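Just so it is clear, the model here is predicted, and its values are computed rather than measured. Reminder, nothing fancy here: chain letters follow the sequence lines and each chain counts from 1.
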Amino acid sequence: MKVSDSEPIYTIGIAAKKLGISVPALRVYEKEGLIVPLRTSTNRRLYSLNDLRIIETIRNLIQRDGLNFVGLRRMLSFLPCWKIKRCNPASFDKCEVPRIADRPCWSSGKSASRQCEDDCQSCPVYAHACHVDDLSVYDLIEGQNFT
DNA sequence: ATTCTGACA
DNA sequence: TGTCAGCA
């Protein structure tokens with residue numbers, strides 16, 4: 001993934017236009033904890049190309065597959081963060097996030113005992129959110145498998 | 001002109 | 001989801 005993909009450059013108006021989605025809808029997706037666009041110093045939202053991909057995936061899951069927000073949060077919480085972030089087995093055993101999460105880490109606040117980057121935009125787990133509807137995300141990382 | 005939050009048909 | 005108010 002290129003650095004520019006996570007570069008926050010689109011205002012909510014531009015993002016809505018490019019996606020063919022209403023501005024209010026984009027705000028709802030955020031309030032429901034599905035996306036985390038960057039905020040400027042004046043509290044304006046800025047979306048990256050990757051944010052747009054995630055939103056497109058979310059829209060498909062809602063309109064095509066009929067999922068609701070609860071189902072989407074659950075699905076997003078299933079992203080294999082321990083694989084994406086290459087967590088060592090020891091820390092993974094002690095980490096409770098992957099087992100009890102009912103919402104993606106980027107909407108769980110910073111309370112969870114876990115090393116996080118400064119912002120979710122630069123987080124590799126968030127970057128993979130656009131692939132939640134692609135089962136290959138679950139076994140492509142370093143040949144590790146669930147067995 | 002554009003976006004923000006909160007409230008509501 | 002959409003829209004309107006009152007701001008920044």
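Here dT1(C) presents its C1' atom at 12 Å from CD of Glu32(A), a figure rounded to the nearest Å. Rounded to an integer number of Å, the gap from CD of Glu30(A) to C1' of dT1(C) is 17 Å. Put simply, CG on Leu26(A) is 13 Å from C1' on dG2(C), counting in whole angstrom units. Atom NZ of Lys17(A) and atom P of dA1(B) are 15 Å apart (whole Å). What separates CD1 of Ile12(A) from P of dT1(C) is a distance of 13 Å, to the nearest Å. If you take NZ of Lys31(A) and C1' of dT5(B), they are 11 Å apart, rounded to a whole angstrom. Atom pair Ile55(A):CD1 and dT1(C):C1' shows a separation of 16 Å (rounding to whole Å applied). Going from atom CG of Asn43(A) over to atom P of dT2(B) covers 19 Å, rounded to whole Å.
Counted by atom type alone, Asp51(A) and Gln121(A) present one or more donor-acceptor pairs between their side chains at under 3.5 Å.
Taking 4.0 angstrom as the limit, Thr11(A) places a side-chain polar atom (N or O) nearer than this to OP1 or OP2 of dT3(B).
The base-pairing partner of dT3(B), taking Watson-Crick or G-U wobble contacts with both distances under 3.5 Å, does not exist among the strands shown. Base-pair partner of dT1(C): not found among the strands shown (Watson-Crick or G-U wobble, both distances under 3.5 Å).
Here the straight-line distance linking atom CZ of Arg73(A) with atom CZ of Phe78(A) works out to 13.0 Å at 0.5 Å rounding.
Of the candidates dG2(C), dT3(B), dT1(C), the closest approach to any side-chain atom of Ser22(A) belongs to dG2(C). Closest to the Pro24(A) side chain, of the nucleotides dT3(C), dT5(B), dT1(C), is dT3(C). When each of dT2(B), dT5(B), dT1(C) is scored by its nearest atom to the side-chain atoms of Arg44(A), the top-ranked nucleotide is dT2(B). The nucleotide whose nearest atom lies closest to any side-chain atom of Ala25(A) is, among dA8(C), dG2(C), dT5(B), dG2(C).
Contact annotation for Arg45(A): backbone-only contact, meaning every heavy-atom pair under 4.0 Å involves sugar-phosphate atoms and none involves a base.
Between Lys18(A) and Glu56(A) there is no salt bridge, since no side-chain nitrogen of the basic residue lies less than 4.0 Å from a carboxylate oxygen of the acidic one. Between Glu7(A) and Lys2(A), no side-chain nitrogen of the basic residue sits less than 4.0 Å from a carboxylate oxygen of the acidic one, so the salt-bridge criterion is not met.
For the pair Leu76(A)/Trp106(A), a side-chain contact is recorded, criterion being any heavy-atom separation below 4.5 Å from C-beta on.
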